[in-house]
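Protein chains get the first letters and strands the later ones, always in sequence-line order, with residue 1 at the start of each. It should be emphasised that the depicted structure is a prediction, and the values quoted were computed from it without experimental measurement. The figures that follow rest on heavy atoms only: side chains count, while hydrogens, waters and symmetry mates do not.
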Amino acid sequence: MKFASSYEPNEYETDIYAAWETAGVFKPTIPTIPVDNNSDGVDDRFEAAGASNSRTCYSIVMPPPNANGNLHIGHGLTVALEDSLIRFHRLKGDSTWYIPGADHAGFETWVVYEKYLEKEGHTRFEYSRDELYARVWDFVQMQRGNMELQLRSLGASCSWDDLTFTLDENVVDRVYTTFEKMWNDGLIYRGEKLVNFCPKHQTAFADIEVEHKDEKGTLWEIAYEVSEVCLIVSTTRPETLFGDTAVAVNPDDPRYKDLIGKTVHLPLTDREIPIIADEHADPEYGTGAVKITPAHDFDDFEVGERHNLPRIQVISEDGHMINVPEKYNGLTTEECRKQVLKDLKAGGFLKGEKKIVHSVAHCYKCGTVLEPMLKEQWFIDVEKLAGTAIKHLENDEIKFHPESKKRVLINYLGNLKDWNISRQIPWGIAIPMFRKVTAEATDEPDWIFDRRTNLKEIEKSGVTYVRDEDTFDTWFSSSHWPIVCTDWSEENPTPYYPLNVMETGADILFAWVARMIMMGLYVTGEVPFKEVYLHGLVLDEHGQKMSKSKGNVINPIELVSKYGSDAFRLGILRGRSAGMNQAFSENSVVAGRNLCNKLWNISRLIQSTVDEEFENSDFETVLRQREQGERSAARDDGPARARREDAISNSYTTDNMGEDWICREINDCLAQIETDMREYRFAEAVETLYSTIWDKYADWFLESQKIFRNVPLLKITLEHLLIALHPFAPFVTEAIWQNLSWTEGFIITKNWPSELKFDPITAEQFENIRTIVSEVRGTLTALPGTFKSKNFPLMYDKDSLVEDNILLIKTLTRVPEINPLNGNPRGLRLALANHELYLDVPEATVEAYKGALTAKILAVGGELNALNIRMMNPNYVERAPEHLVKETRDQIKEKEALIARLKTQLELI
RNA sequence: GGACCCUUAGCUCAGUUGGCUAGAGCGUACGAUUCACAUUCGUGAGGUCACAAGUUCGAAUCUUGUAGGGUCCACCA
């Protein structure tokens, strides 16, 4: 026998994955690019397949994990979700394409590399941009590979040949093509705008990458003199006063009405700046007068634009004061603030200070306070893109799970500001723009588009241009992900685009999903995916966010090696629903591991039954069976084969109690899984499988089969369950499939099971048996005395169901014997199951059981009462649907009969 | 300030268009004992569905309000 007494995942998983990969079963069966109709020598198979493309292609692209990182729990969830979908659709016969990816993770990787440089005693400023790019490339290659191995250990059945790295040539090509199109369409502009700038990392961020934190600060009140009077302004950043180019007051503020248009003297300088009227000044806040520093504050920048104010930059990119009086020049912002406050105080300008709490922008990576910095950057005018996206969303072209996120997304797109796509880090896709440096060529444009970003300098009609040193925001290239992964092109649109579903974290709805939709529509005219499934955060077992500092991080790979890949997948899917942040604990993985082991032992039992049958059967039968098997195996694949497999697998009969029932239960289970998967209810699908396999198949069917041994049925039902569980627990199901003596090929490429035939009446009879068995067990447990003293025989009167199933009931209840009742009823009558059944219990025992019995009668009486009250309500009888009223009537009858039976139990004593 | 989500058993969560006695896993109590599986088997206990009002024959489910928790966006001179 091949089956060990327990399932050891580590002995099988690596080999199984390798076998799948070698066999090429992860690849889509329908070609990804349709063949050109005009070309010769077209493969027939491909053409035939092309006809049904729209129906049978099923594609998912993986959100690319960091190429040189390790997978975390979120990736574990992603793979569990996506791979279950892929495997389910593969079994359903779709041509599935699960496309893996690797992210160069521009900023993340850059931060890691910069730390590494620092450790080596170097800084980024020692190298040119191209040198740095080459160095990071090598650095990434050196670290690469872990993540891909980890995806394999999670069982991701993705098409490895099609792995896309975010810096691959086709990605860069596509990104440049889009950028060029946008440039020509006038959607790209270079603007001097305020950007969030990290003085430590020396790069700008998009709004979305900024982390706002509430902090304590001080609000200072400073006097700006206007001829005789003075105007008090409030500020949290006194050091920026050197960059002030106006003071704003609210136009409706009566206190300052007369001052509008006049000028004030800027303290510590010899400048006069105007007093302007602007809505931005809130009369309720501070003193109602606000200094305007267009170069260092986002709001002030906008005020400046409205009033055409000059922008004076007084803080440099590395956080030092510039363009300020000699005394302050070169100080850090902090030093300068101290000095300015000191000098203001000395000059009598400082009129007050208040402690306040305000939110401050931080770098999401290093926590440094971000400096709003005036910089020339490339921007995308998002108005049209967002508008188009909203139109398609409102047209319901993408289905969201959870549904509520659609509105959230539309709301976000409606308020989107222009997108800064320039980053000042070398690790990324170079922006394909070149700046004119030949001064005398006045007719030529200042900037030109050119793909030759490998060159620092290019020449065009005698004019020299130098490359912009910046790289793209990673989200700009990532927004092309569905397009580039599926190899979509204008000439050859692939049947795998749009994707069937985009599965990713709810936290990157804006950063990624929104941008993919805008970009997909802009490039292809179609939405990039038909559905979006968003998963929430995986929290620790107490509902806390996982973080290194809290020390509550769970490593998925550790769980995989401890309990097996399947256990992890089952565990993480359990109790999870779309878009919700949910807790996760090792317990659920243990439950998953137990299910795998249960299934393993179920298979072990069935295999041993099959082996025994084989040994006992006569030689000729064996020979005939073997020949049949070989004959069918010799044929080729295809629909004919599928039909034949169907016929063979349906060649069973249901002869014994419980057999029709299990067929019914398995059919229900399969149908439930199909519904659940269509609606992305993963946890429910797993739940259904768990209870069908364990509570129904093992606890009832297999127990009853210990008497009956219907080998063909045991085989086919096991196969059905193995296939049904395969999407969620791929390794154990394949391991079993390979160990079973009669199965062929890989389970991963089998067909989803067809319905089992059964007789519904016989199936229902088994429910009666179950009720009887449960009540016998329950009553025996409830009766006083030790277990051993309770070996009472069971007696029946004129009951053919019991009479026909004496052996079965005896086995399941473990009563010593079951006899026909001779003479008058005695002992304890079973009440719940409506059968003439008595436990042969001595009077004294029944007497002691009386209390429990009375309590039960009371409980049922309460239920009956509630039902009667319902029926006495004329409105209910009139208005509720007829079937419900009838149901209630039936229930009343049942309860009344039950109470009557229970009362006989008491009377019998 | 705006938006969205959540509150159901000790814990983590299901509960689909309102309709049987509100379910599962884990935990827990009692019992079994080696015949596929102790990663086992059997039987229980455990719930004012956050609170209040409303709609309805009927509400965990729909509406409104209150309280608590979470997430995101905007703003904070």
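Consecutive Watson-Crick or G-U pairs involving RNA chain B, each under 3.5 Å on both distances, make up stems of three or more pairs at B:1-7 with B:67-73, B:10-13 with B:23-26, B:28-32 with B:40-44, B:50-54 with B:62-66.
Of the C1' atoms belonging to B/U61 and B/C49, the separation is 10 Å, rounded to the nearest Å. For B/G2 and B/G58, the P atoms lie 36 Å apart once the distance is rounded to whole Å. Across the C1' atoms, B/C20 and B/G46 are found 22 Å apart, a figure rounded to whole Å. Comparing B/A45 with B/U63, their C1' atoms sit 37 Å apart, to the nearest whole Å. Comparing B/C26 with B/U21, their P atoms sit 27 Å apart, to the nearest whole Å. If you take atom C1' in B/G15 and the same atom in B/A24, they sit 10 Å apart, rounded to whole Å. Rounded to whole Å, the P atom of B/A32 lies 47 Å from the corresponding atom of B/G70. Comparing B/U8 with B/C62, their P atoms are spaced 16 Å from each other, to the whole Å.
A 4.5 Å side-chain heavy-atom check between A/Val382 and A/Lys417 finds every atom pair outside the cut-off. Within the 4.5 Å cutoff, side-chain heavy atoms of A/His362 are placed close to those of A/Val369. With contacts defined as side-chain heavy-atom distances shorter than 4.5 Å, the pair A/Thr888/A/Tyr876 qualifies. Using a 4.5 Å heavy-atom cutoff, the side chains of A/His307 and A/Asp278 are in contact.
A side-chain donor-acceptor contact under 3.5 Å links A/Thr218 and A/Lys355.
Stacking of A/Arg574 on the aromatic ring of A/Tyr690 is recorded, both the 6.0 Å distance cut-off and the 45° axial limit being met.
Within the 4.0 angstrom heavy-atom criterion, base atoms lie near A/Glu887. A/Ala591 comes within 4.0 angstrom of sugar-phosphate atoms only, judged by non-hydrogen atoms across all strands, and of no base. Using a 4.0 Å heavy-atom criterion, one finds that A/Pro881 contacts the bases of the nucleic acid, with or without backbone contacts as well. The residue A/Leu595 sits apart from the nucleic acid: no heavy atom pair falls under 4.0 Å. Using a 4.0 Å heavy-atom distance criterion, A/Gln544 is classed as making no nucleic acid contact. Among the protein residues, A/Thr236 comes within range of the sugar-phosphate backbone only, with heavy atoms under 4.0 Å from sugar or phosphate atoms but none that close to a base. Looking at heavy-atom distances under 4.0 Å, A/Arg777 makes contact with sugar-phosphate atoms alone, never a base. Within the nucleic acid shown, A/Glu878 has no heavy atom closer than 4.0 Å to any nucleic acid atom.
The side chain of A/Ser774 sits closest to B/U43 out of B/U43, B/A32, B/G19. Taking every side-chain heavy atom of A/Leu884 into account, B/G19 is the closest of B/G19, B/C35, B/G15. When distances are taken from the side chain of A/Leu867 to each of B/G19, B/A3, B/U21, the shortest belongs to B/U21. Residue A/Thr781 has its side chain nearest to B/G42 when only B/G42, B/G19, B/A36 are considered. Proximity note for A/Leu605 (side chain, C-beta onward) versus B/A36, B/A3, B/U16: the nearest is B/A36. Among the nucleotides B/C13, B/A32, B/A36, the one closest to the side chain of A/Phe787 is B/A32. Residue A/Glu8 places its side chain closer to B/U39 than to any other of B/G19, B/U39, B/A14.
Between A/Lys886 atom NZ and B/G19 atom C1' there is a gap of 16 Å when expressed in whole angstrom units. Here the C1' atom of nucleotide B/C26 and the OH atom of A/Tyr563 are 13 Å apart, to the nearest Å. The distance from atom CG of A/Asn10 to atom C1' of B/U39 is 15 Å, rounded to the nearest whole Å. Atom CD1 in A/Ile554 sits roughly 12 Å away from atom C1' in B/U12 (whole-Å rounding). With rounding to whole Å, A/Asn597 atom CG is found 5 Å from B/U39 atom C1'. Following rounding to the nearest Å, A/Arg574 (CZ) and B/G23 (C1') show an atom-to-atom distance of 13 Å. The CG-C1' distance, from A/Asn587 to B/A24, rounds to 14 Å in whole Å. In this structure, the CD1 atom of A/Ile602 is 12 Å from the C1' atom of B/U40, given to the nearest Å.
Within the 4.0 Å cut-off from OP1 or OP2 of B/C37, at least one side-chain nitrogen or oxygen of A/Arg604 is found. For the pair A/Lys598 and B/C41, the criterion of a side-chain N or O lying under 4.0 Å from OP1 or OP2 is met. Close to B/G25, at under 4.0 Å from its OP1 or OP2, lies no side-chain N or O of A/Trp694. The phosphate of B/A14 has OP1 or OP2 within less than 4.0 Å of a side-chain N or O from A/Ser577.
Mapping A/Arg576 and A/Lys788 onto RNA chain B via the closest heavy atom, the residue that lands nearer the 5' end is A/Arg576. Residues A/Asn875 and A/Arg870 both approach RNA chain B. Their nearest nucleotides, taken by heavy-atom distance, put A/Arg870 toward the 5′ side.
Residue-to-nucleotide contacts include a donor-acceptor pair under 3.5 Å from the side chain of A/Glu703 to the base of B/A36. Judged by atom type and distance alone, A/Gln891 reaches the base of B/C20 through a side-chain donor-acceptor pair under 3.5 Å.
Under the side-chain hydrogen bond (donor to acceptor under 3.5 Å, both in side chains) rule, A/Thr240 has a single partner from A/Arg337, A/Lys291, A/His296, which is A/Lys291.
Aromatic ring pairs are classed by plane angle as parallel below 30°, tilted from 30° to 60° and perpendicular above 60°; the pair A/Phe510 and A/Tyr412 is parallel. The aromatic rings of A/Trp600 and A/Phe3 lie perpendicular to each other, with more than 60° between the two planes, well past the 30° mark.
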Problem set entry | Evaluation steps, side chain to side chain contact (heavy atoms under 4.5 Å, CB included), between A/Asp699 and A/Trp694 | CA-CA 6 Å; A/Asp699 288 351; A/Trp694 205 309; 3.8 Å; yes

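Among all heavy-atom pairs drawn from A/Leu718 and A/Ser603, the shortest one is CD1-OG, 3.8 Å. Nearest heavy atoms, A/Ser704 versus A/Leu808: CB-CD1, 3.3 Å. A/Glu665 and A/Thr692 get closest at one heavy-atom pair: O-CG2, 4.4 Å.
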Exercise. Base, backbone or nothing for each nucleotide of nucleotides 68-74 of chain B, written B, S, -, heavy atoms under 4.0 angstrom, 5' to 3'?
Worked result: ----S--

